[in-house]
Amino acid sequence: MRMTRLFLRTLRDDPADAEVPSHKLLVRAGYVRRVAPGIYSWLPLGLKVLGKVEAIVREEMDAMGAQEVRFPALLPREPYEATGRWDDYGPNLFRLKDRKGNDMLLGPTHEELFTLTVKDLYSSYKDLPLSIYQIQTKYRDEARPRAGILRGREFIMKDSYSFDVDDAGLVASYQAHRDAYVRIFDRLGFEYVIVHATSGAMGGSASEEFLAVSETGEDTFVRSPGGYAANVEAVTTVVPYAIAFEGTPAAHAEQTPDTPTIDTLVDHLNAAFPRDDRPWQASDTLKNVLVILRHPDGTREPLAIGLPGDREVDAKRLEAQVAPAEIEPFEANDFAAHPGLVKGYIGPGALGAESATGIRYLTDPRVVEGSRWVTGADVQGSHVIDLVAGRDFTADGTIEAAEVRAGDPAPDGSGPLELARGIEMGHIFQLGRKYAEALDLRVLDENGKLVTVTMGSYGVGVSRAVAAVAEYAHDDAGLVWPKELAPFDVHLIVAGKDETVVAGAEQVYDELIGAGFDVLFDDRLGKTSPGVKFKDAELIGVPTIVVVGKGFVDGVVEVKDRATGEREDVALADLLAKLRD
Ligand code: ATP
Ligand code: MG
């Protein structure tokens with residue numbers, strides 16, 4: 001490819017909406033181009049890299065015995081209706097109508113179609129196990145499309161689905177996918193972790209995520225010295241033992257005026273009601289947070305969450321617990337609708353299915369039987385002290401919605417947790433029989449009995465991987481592709497207008513192509529200075545840069561390693577050998 005022909009304009013400035021390096025660089029270097037929020041075009045350089053990611057994914061999926069298919073992105077409503085996802089997917093689903101008024105959707109993921117197709121064609125245990133996959137465009141109307149192709153509303157996913165007659169088969173299929181994913185992500189080259197995950201709107205049981213470790217990632221994960229690793233959404237709280245409450249003082253309401261926050265409350269308690277053993281602290285208080293759940297059918301349900309006052313509600317943990325419902329703020333008119341709620345002084349007395357408000361009340365797992373709390377007295381300017389869980393109040397259940405903090409114990413006893421950030425690159429699920437049941441996918445087993453098939457579903461963010469690689473494979477000057485993903489093997493630059501030099505560069509170009517290298521040849525003459533060419537080469541990020549300049553008359557060219565910056569004069573005769581190295 002010659003630069004004078006390549007469909008490319010590199011940009012000097014970062015796009016105005018770009019915050020993360022991959023987004024800035026992929027746009028500036030001419031790999032992708034924004035069309036609308038979360039919707040991008042792939043230009044020649046970008047498409048080449050995308051194709052290389054696809055090739056790696058395809059090779060590893062084929063190697064594990066999965067077969068490639070391609071389903072439509074434009075789909076009828078009915079199968080998604082049957083599984084409940086037409087509604088459960090909520091506003092993330094692109095819904096549309098055809099000219100006859102039929103409801104259609106753009107596929108966000110394809111469990112339904114794969115299940116139905118297997119049902120169409122297969123009817124016996126002899127046909128299973130089966131793993132099929134596609135690499136295909138997906139559509140999700142993300143609330144916050146972000147960081148260019150990292151979170152798009154149109155993006156490319158590899159999704160596979162496994163079908164087995166029994167649980168042991170599912171476990172084997174899951175393990176085979178997990179192994180293939182390890183090989184895929186090893187080849188893509190970024191640092192990644194495999195973490196326990198929640199299965200969210202998918203349903204099903206076991207699930208793990210592959211996260212690329214990155215500061216700019218949207219996922220927070222935890223790990224312990226003993227090897228526990230989980231997405232923060234999936235971390236379970238270590239529950240303290242229940243405490244005997246015989247002999248604890250009765251709860252007593254006290255005046256606590258002007259204590260709207262936990263800090264002001266704790267200060268007031270220490271001044272007016274000091275403890276003899278130790279000062280009051282925020283974790284002695286029970287804070288009650290109200291939110292609104294918006295269910296997929298549009299109904300709004302108030303929910304109260306009780307948690308120790310030293311912890312905030314983690315929005316993502318809460319969302320994962322209440323999916324497919326979404327979280328909305330509890331507004332002034334919601335307070336107006338529940339006069340029993342005294343803002344700033346809400347206590348368990350006003351909460352729970354049995355209370356006057358009837359608001360569902362879920363508490364943090366640390367609120368065990370016998371634990372003693374200071375909490376709102378449901379009266380302006382007043383709190384209750386020594387309110388004992390299980391004696392003075394009982395919640396409707398528990399919820400894992402409190403923030404996880406560094407130093408919290410790992411649920412498996414493997415030590416204190418450390419927090420880090422990552423980009424979700426892959427997600428594997430043991431779906432079980434949810435979809436097969438909803439769509440009635442059954443086969444005859446060995447004994448001639450009809451059994452419901454058990455399924456797994458497995459996704460890789462193919463387009464996201466391009467950005468995730470760029471997230472670590474760059475420096476101040478531009479992209480620095482690993483060899484396996486680079487759009488070209490060699491970036492050849494002619495530095496000079498001198499006839500011999502130009503003819504020399506043409507000759508080197510031909511030789512490299514002849515030797516099987518994929519070459520981008522910056523053959524621009526005219527006004528383009530060598531400096532501009534070097535800058536573009538650094539921005540584009542091909543791993544090896546070959547410069548043909550004045551040295552050519554002495555039979556020498558310069559070879560530069562984009563990653564290390566090392567330059568070396570190489571005799572023409574040795575060039576091919578050097579590059580093959
Ligand atoms: P996220 O938590 O990032 O929204 P998800 O859990 O919704 O992702 P899955 O349904 O598990 O994603 O999809 C499988 C894979 O597809 C993800 O692991 C991710 O790599 C990729 N992916 C999901 N949503 C997007 C998106 N909006 N843009 C690009 N890639 C995506
Ligand atoms: Mg996921």
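This structure is a prediction, so every number in the text was calculated from the model and none was measured. Residue numbers run from 1 in the order of the sequence given. Order of appearance sets the numbers: ligands from 1, and atoms from 1 within every ligand.
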Using a strict cut-off of 4.0 Å, indicate which atoms of ligand 1 neighbour a heavy atom of [X].
{"X": "Leu150", "result": "28 (N), 29 (C)"}
{"X": "Gly426", "result": "18 (O)"}
{"X": "Met157", "result": "13 (O), 14 (C), 16 (O)"}
{"X": "Met425", "result": "18 (O), 20 (O)"}

Is there a nitrogen or oxygen of Gly461 sitting under 3.5 Å from a nitrogen or oxygen of ligand 1?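 Yes, there is a polar N/O contact under 3.5 Å.
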Under 3.5 Å between any N/O of Asp219 and any N/O of ligand 1: does that happen in this structure?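 Min N/O separation from ligand 1 is not below 3.5 Å for Asp219.
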Are more than 12 heavy atoms from other residues, nucleotides or ligands located less than 6.0 Å from atom CZ of Arg33?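 Result for CZ/Arg33: open.
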Parallel under 30°, tilted from 30 to 60°, perpendicular over 60°: which one fits the rings of Tyr192 and Phe210?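 Tilted: the ring planes of Tyr192 and Phe210 meet at 30° to 60°.
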Measuring from atom 23 (C) of ligand 1, which candidate in Arg153, Arg146, Arg140 has the nearest non-hydrogen atom?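 Looking at heavy atoms only, Arg140 sits closest to atom 23 (C) of ligand 1.
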Going by the salt bridge (charged side-chain N to carboxylate O under 4.0 Å, His left out) test, which pairs reach into residues 450-468, not counting sequence neighbours?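 For residues 450-468: none.
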Check contact between Gly152 and ligand 1, using heavy atoms of the residue and a distance below 4.0 angstrom.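 The answer is yes, since Gly152 has a heavy atom less than 4.0 Å from ligand 1.
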Just let me know how [X] lines up against ligand 1, side chain, backbone, both or neither, with a heavy-atom cut-off below 4.0 Å.
{"X": "Glu209", "answer": "neither"}
{"X": "Glu142", "answer": "side chain"}
{"X": "Arg151", "answer": "both"}
{"X": "Glu424", "answer": "both"}

Would you check if there is a donor-acceptor pair between the side chains of Asp141 and Asn92 at a distance under 3.5 Å?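 No pair is found: no donor N or O on one side chain lies under 3.5 Å from an acceptor on the other.
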If you measure only the distance, is there a donor-acceptor pair under 3.5 Å linking the side chains of Asn288 and Tyr361?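 A pair is found: one side chain offers a donor N or O, the other an acceptor, under 3.5 Å apart.
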Under 6.0 Å from the six-membered ring centre of Trp481 and within 45° of its axis: does the NZ or CZ of Arg562 meet both?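 Pair Arg562/Trp481 does not count as cation-pi.
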Would you say Ser457 and Asp159 make side-chain contact, with heavy atoms under 4.5 Å?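 Side chain of Ser457 against side chain of Asp159, heavy atoms only: no contact under 4.5 Å found.
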Can a donor-acceptor pair be found, under 3.5 Å and without considering hydrogens, that links the side chain of Arg34 to the backbone of Ile39?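 No, Arg34 side chain to Ile39 backbone: no donor-acceptor pair under 3.5 Å.
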